[in-house]
Amino acid sequence: MAKYSRRDFLKTGAGAGAAALFAGGRLPSAAAAASPGGARVVASGNGIRATAKAMDILMAGGDPLDAVIAGVNIVEDDPNDMSVGYGGLPNEDGVVELDASVMYGPTHTAGAVAALRNIKNPSKVARLVMERTDHVLLVGKGALKFARAHGFREEDLLTEKSRAAWLRWKETMSVRDNWFPPKSESVPEELRSVMNTQGTINCIAVDGAGRLAGVTTTSGLSWKLSGRVGDSPIIGAGLYVDNDIGAAGSTGRGEANLQTCASFRIVAAMGRGMSPEQACLEACEAIIAKTKLVPRLCDADGRPKFGLNFYALNKKGEFGAACLYQGGKYAVHDGAENKLRDAAYLFKRRQDRG
Ligand code: GLY
């Protein structure tokens, strides 16, 4: 059978239509229903600079995918956020491996990369997978080869701080290996809060014309096995966007989310009329129910030993977030102000219970 060339495809009705639709990655504006609430940007708690940047772009008439990616790039570039991009905590071999996904509502297209090394903005590479290939997900060496083909520069993503945190973990793992423990038993102050992380950034947006987009990007679980992929690059788990309904994303322990596809579930629940916050809470409840089947993941009270957080935004501009445990924050720019808000939750922290 003759191979169908890209040119042939673009000449066909469907191909020409798709090409027109995708020129510049935009739908004709008439195809977009207005968001009555106006532009909104929602992000995880580490995303307050991302929501500010993304809203600036939306206010200037920019596209929501450009907006959310530019927003999270600030955090990917920041060595002090050790859960994302440059300075993210490495895998068990001391190598930083990044995951990211993007999804664009108007075309219902997505792109993602997983276990990508040496490139500090995996969200930009994920976008190129969406826009410049017929695939959705590229991993490992293939993802790196693709990034290099597009001119991305390789760099060492390990900072002195993330290397020191990894070495400390390595040296204290076991008394039965050949690594001696660090001279001082007490963890240095600057490493205390970063010795273990499942952090990530998710950012989702709707513009005044009702166009939705989202991105999730992460260095994943610290000290993970080489090649481990979390929920962030998996469409339907770490991110999902349906331009007729809304968008959702997650941060926290990806394994739990991978087994419940919560972002898809949240968007589907909003499609049935549930508020964003209720839909996020329902996803948390589903995770709890399934986690109870695995005793090693539960504390003595049957509650999960891990954290997981969801963020949601509907086409009307309504937003919400929920976490398994009290204390989670999320960032929202509602067009007027940009601030951190308290997320809903299922469980109080142990010390808060009477
Ligand atoms: N949610 C990020 C991860 O588990 O990799």
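As the structure is a prediction and not an experimental result, all values here were calculated from the model. Each ligand, and each atom within it, is numbered from 1 in the order the structure gives.
With ligand atoms numbered from 1 in the order given, ligand 1 contributes 1 (N), 2 (C) to contacts under 4.0 Å with heavy atoms of T200. Under a 4.0 Å criterion applied to the non-hydrogen atoms of S232, ligand 1 contributes the atoms 1 (N), 2 (C). Ligand 1 places these atoms under 4.0 Å from at least one heavy atom of D231: 1 (N), 2 (C), 3 (C), 4 (O). Close approach to G230 involves these atoms of ligand 1, each under 4.0 Å from a residue heavy atom: 5 (O).
More than 12 heavy atoms of other residues, nucleotides or ligands lie within 6.0 Å of NZ in K120, so this atom counts as buried by the packing criterion. A 6.0 Å sphere centred on NZ of K305 holds more than 12 heavy atoms belonging to other residues, nucleotides or ligands.
Below 3.5 Å of separation, one finds no N or O of T218 facing any N or O of ligand 1. For ligand 1, the polar-atom distance check finds an N/O of G254 within less than 3.5 Å of one of the ligand's N/O atoms. Inclusion of G252 in the set of residues having an N or O under 3.5 Å from an N or O of ligand 1 is warranted.
Residues S123 and N121 bring no donor and acceptor atom of their side chains to less than 3.5 Å of each other.
Centroid-to-centroid, the aromatic rings of Y325 and F347 come within less than 6.0 Å.
With E76 contributing its side chain and T217 its backbone, the two residues share no donor-acceptor pair below 3.5 Å.
Within the structure, ligand 1 has R228 among the residues with a heavy atom less than 4.0 angstrom away.
Evaluated for a side-chain hydrogen bond (donor to acceptor under 3.5 Å, both in side chains) with T216, the options N202, D99, T200, D231 yield exactly one hit, N202.
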